[in-house]
Amino acid sequence: MTPWLSAGILFTFAAIIFVLYRWGNVRCVGVTPVKTFTFIAILFTSGLDVGLIMFPLTEFAGYADLAASPEYGFTNPLAIEFGFWAFLIWGFYFLTCFYFCVIEPRVQFFEIPLIKLINNVVIIGTCAFTAYLLLSNLPWYIPELGDGESLIGSFYLIVFLVIAAAVYSSTSIRYVRLLSLATSWLFIALIALMWGGAFLVEGSGIGEFVNTFALLGGYFGNIHEFVLPLNDYHEFYLYWWFAWSIMIGQFTARFVGGLRTYQVLLAMLVFPSIPIAIWFTVLYYYSANGLETAGFYNIAMAIVGVTFVINSLDSLIRLYTDNLNLSVSRVGRVKYFLGNLIALSLLTLLFKLDFLQIQWVGAVVIGLFFTCFGYILFSKFKVVSEIECSPKENKIDFNKIELLN
């Protein structure tokens with residue numbers, strides 16, 4: 001599947017360059033615009049999941065083991081982790097956000113019945129994978145509830161309750177802003193808490209943090225190394241980003257509040273990367289210096305990880321239920337709640353049984369990218385070539401979100 005992935009990546013970056021060249025100064029206005037800080041909060045908390053919190057401490061050692069993985073030898077483990085999660089990779093989200101904000105309203109490719117079906121299967125499957133990631137990582141982060149390795153009933157119950165909370169919050173889009181901002185502030189508080197524990201309580205001082213942070217230069221000095229897959233594990237990450245990209249683009253496009261295209265790109269590349277860089281720096285310092293996180297810190301990370309999952313699932317549930325016309329107003333609150341809760345719980349178990357793979361989902365998304373491009377070339381070329389602005393019916397009204405259910 002590597003050639004398919006590489007083709008998808010090269011196409012994506014070529015498309016980004018073309019978008020900037022052709023529409024770089026267009027003002028992007030979504031159907032429900034919000035202020036820039038809120039947009040960034042929605043982007044950050046919807047565009048990431050529990051893996052951001054729970055993966056790094058389990059991965060740094062693997063990136064440092066050059067005997068087993070010599071392909072990581074061009075830089076340090078912190079730069080590798082950052083490269084898998086931040087900066088350049090967020091260009092995927094930019095492309096889909098721009099497309100759904102400016103182009104899709106004129107093209108209507110995702111309104112084609114078969115494409116709509118495939119799109120919603122992608123979204124639902126990725127929702128379940130997000131819940132599965134939380135489930136699979138809980139034994140490591142809350143070993144107090146078990147033996148630190150096995151999944152027990154308590155972990156299944158936690159994930160079930162998280163899915164239930166996300167389904168409930170998805171019943172009103174007004175929760176999106178509140179949930180996104182709350183998750184962002186919780187994440188900032190977690191960074192401050194663990195930064196204080198590493199660099200103040202341990203007596204290391206600011207200098208050690210700066211020295212550790214400087215290791216991120218290994219990413220920017222070798223950014224070209226991260227474009228194509230380094231190995232199977234990097235390939236897994238890239239497919240994972242593709243799986244998320246098409247639905248995060250759909251969701252965030254509705255909230256763009258008048259930024260120009262190049263500003264949307266810069267916002268997506270830079271603003272999420274800053275807290276990720278600081279967070280990974282703190283975690284890497286813990287890992288490299290053998291500082292213990294068991295107990296309070298692990299529980300704090302698990303709590304913030306849970307909020308990320310609720311936020312992400314809320315966004316995605318809202319998206320696929322809108323697409324399928326299964327809104328609360330149409331099917332009723334009880335049917336909406338129970339139907340989504342049961343469906344996502346069962347699909348989460350399918351990932352647990354290895355019946356589904358996120359790589360398959362990512363491969364389907366790449367197929368949608370190519371199919372959409374072909375559809376535009378052969379059916380909508382003139383329409384797209386004449387685009388000079390966002391849809392005229394989209395007006396900048398930051399109070400509009402308050403009027404929606």
Nearest atoms (heavy-atom pairs only) where [X] meets [Y]:
X      : Y      : result
Thr2   : Pro229 : CG2-CG, 3.9 Å
Pro56  : Leu283 : CB-CD1, 3.7 Å
His224 : Gly221 : CE1-O, 4.2 Å
Ala243 : Val122 : O-CG1, 4.0 Å
Arg260 : Asn25  : NH1-O, 2.8 Å
Thr293 : Met194 : CG2-CE, 4.2 Å

If the condition is side-chain contact (heavy atoms from CB on, under 4.5 Å), which residues does [X] pass it with, not counting sequence neighbours?
X      : value
Cys28  : Phe98, Cys101, Val102, Val256, Thr261, Val264, Ser390
Asn76  : Leu78, Ala79, Leu215
Phe271 : Ile40, Ala267

Quick check: does any side chain N or O of [X] sit under 3.5 Å from a backbone N or O of [Y], one acting as donor and the other as acceptor?
X      : Y      : result
Arg22  : Ile387 : yes
Arg27  : Gly258 : yes
Thr96  : Ser245 : yes
Ser345 : Ile342 : no
Asn311 : Thr307 : no

Between atom [atom1] of [X] and atom [atom2] of [Y], what is the distance when rounded to the nearest 0.5 Å?
X      : Y      : atom1 : atom2 : result
Ile276 : Phe87  : CD1   : CZ    : 12.0 Å
Leu326 : Tyr336 : CG    : OH    : 9.0 Å
Leu57  : Glu81  : CG    : CD    : 9.0 Å
Phe129 : Ser136 : CZ    : OG    : 7.5 Å
Thr12  : Phe92  : OG1   : CZ    : 5.0 Å
Tyr72  : Tyr63  : OH    : OH    : 5.5 Å

Side chain to side chain, [X] and [Y], heavy atoms closer than 4.5 Å:
X      : Y      : value
Asn325 : Arg330 : yes
Phe255 : Thr38  : no
Leu186 : Leu190 : no
Val361 : Ile358 : yes
Thr75  : Phe82  : no
Tyr99  : Ile376 : yes
Pro391 : Asn394 : yes
Leu228 : Leu10  : yes

Using the ring of each side chain (for Trp, its six-membered ring), is [X] parallel, tilted or perpendicular to [Y], with breaks at 30° and 60°?
X      : Y      : result
Phe100 : Phe110 : tilted
Trp185 : Phe37  : tilted
Tyr93  : Trp241 : tilted

Can you check side-chain contact (heavy atoms from CB on, under 4.5 Å) on Leu269 and Leu88, steps first, answer last?
CA-CA 6 Å; Leu269 294 186; Leu88 192 64; 5.7 Å; no

Between Ser69 and Tyr233, do the side chains contain a donor N or O and an acceptor N or O under 3.5 Å apart?
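There is no such pair (donor and acceptor under 3.5 Å, judged by atom type) between the side chains of Tyr233 and Ser69.
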
So, Asp314 versus Ser170: side-chain donor-acceptor pair below 3.5 Å or not?
no

Applying the side-chain contact (heavy atoms from CB on, under 4.5 Å) test to Ile80, which of Phe280, Phe60, Tyr219, Phe226 qualifies?
Phe226

Identified side-chain contact (heavy atoms from CB on, under 4.5 Å) counterpart of Ile163 within the set Ile310, Leu313, Thr130:
Leu313

Under 6.0 Å between ring centres, would you say that holds for [X] and [Y]?
X      : Y      : result
Trp240 : Trp85  : yes
Trp360 : Phe242 : no
Phe84  : Phe55  : no

Inter- and intrachain pairs under side chain to side chain donor-acceptor pair (under 3.5 Å), touching residues 114-128, at least two apart:
Glu111-Lys116, Asn119-Gln250, Asn120-Asn323

Sequence neighbours left out, what pairs pass side chain to side chain donor-acceptor pair (under 3.5 Å) with at least one residue falling in residues 368-382?
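Qualifying pairs: Lys382-Glu386.
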
Name the atoms and distances for all side-chain donor-acceptor pairs under 3.5 Å in residues 13-20, with sequence neighbours left out.
none

As a quick check of understanding, evaluate side-chain contact (heavy atoms from CB on, under 4.5 Å) for Trp90 and Leu265, giving each step before the final call.
CA-CA 9 Å; Trp90 284 71; Leu265 175 62; over 6 Å; no

Would you please test Leu344 and Ile317 for side-chain contact (heavy atoms from CB on, under 4.5 Å) and show each step?
CA-CA 9 Å; Leu344 289 179; Ile317 294 168; 3.6 Å; yes

Set out, in order, the CA-CA distance, both residues' side-chain angles and the distance that settles ring-ring contact (aromatic ring centres under 6.0 Å, His included) for Trp279 and Trp195, then state yes or no.
CA-CA 8 Å; Trp279 172 240; Trp195 182 89; over 10 Å; no

I'd like to know whether Phe370 forms a ring-ring contact (aromatic ring centres under 6.0 Å, His included) with Trp4, so could you lay out the CA-CA distance, the side-chain angles of the two residues, the decisive distance to 0.1 Å, and finally the verdict.
CA-CA 11 Å; Phe370 285 130; Trp4 183 247; 5.4 Å; yes

Check against side-chain contact (heavy atoms from CB on, under 4.5 Å), Tyr285 and Thr281:
CA-CA 6 Å; Tyr285 188 84; Thr281 298; 5.8 Å; no

Tell me, with the steps shown, if Tyr168 and Phe337 meet ring-ring contact (aromatic ring centres under 6.0 Å, His included).
CA-CA 7 Å; Tyr168 178 79; Phe337 181 83; 7.1 Å; no

Look at Asp322 together with Arg318 and state whether they make a salt bridge at an N to O cut-off of under 4.0 Å.
yes

Crowding at CZ, Phe381 (>12 non-hydrogen neighbours, <6.0 Å)
no

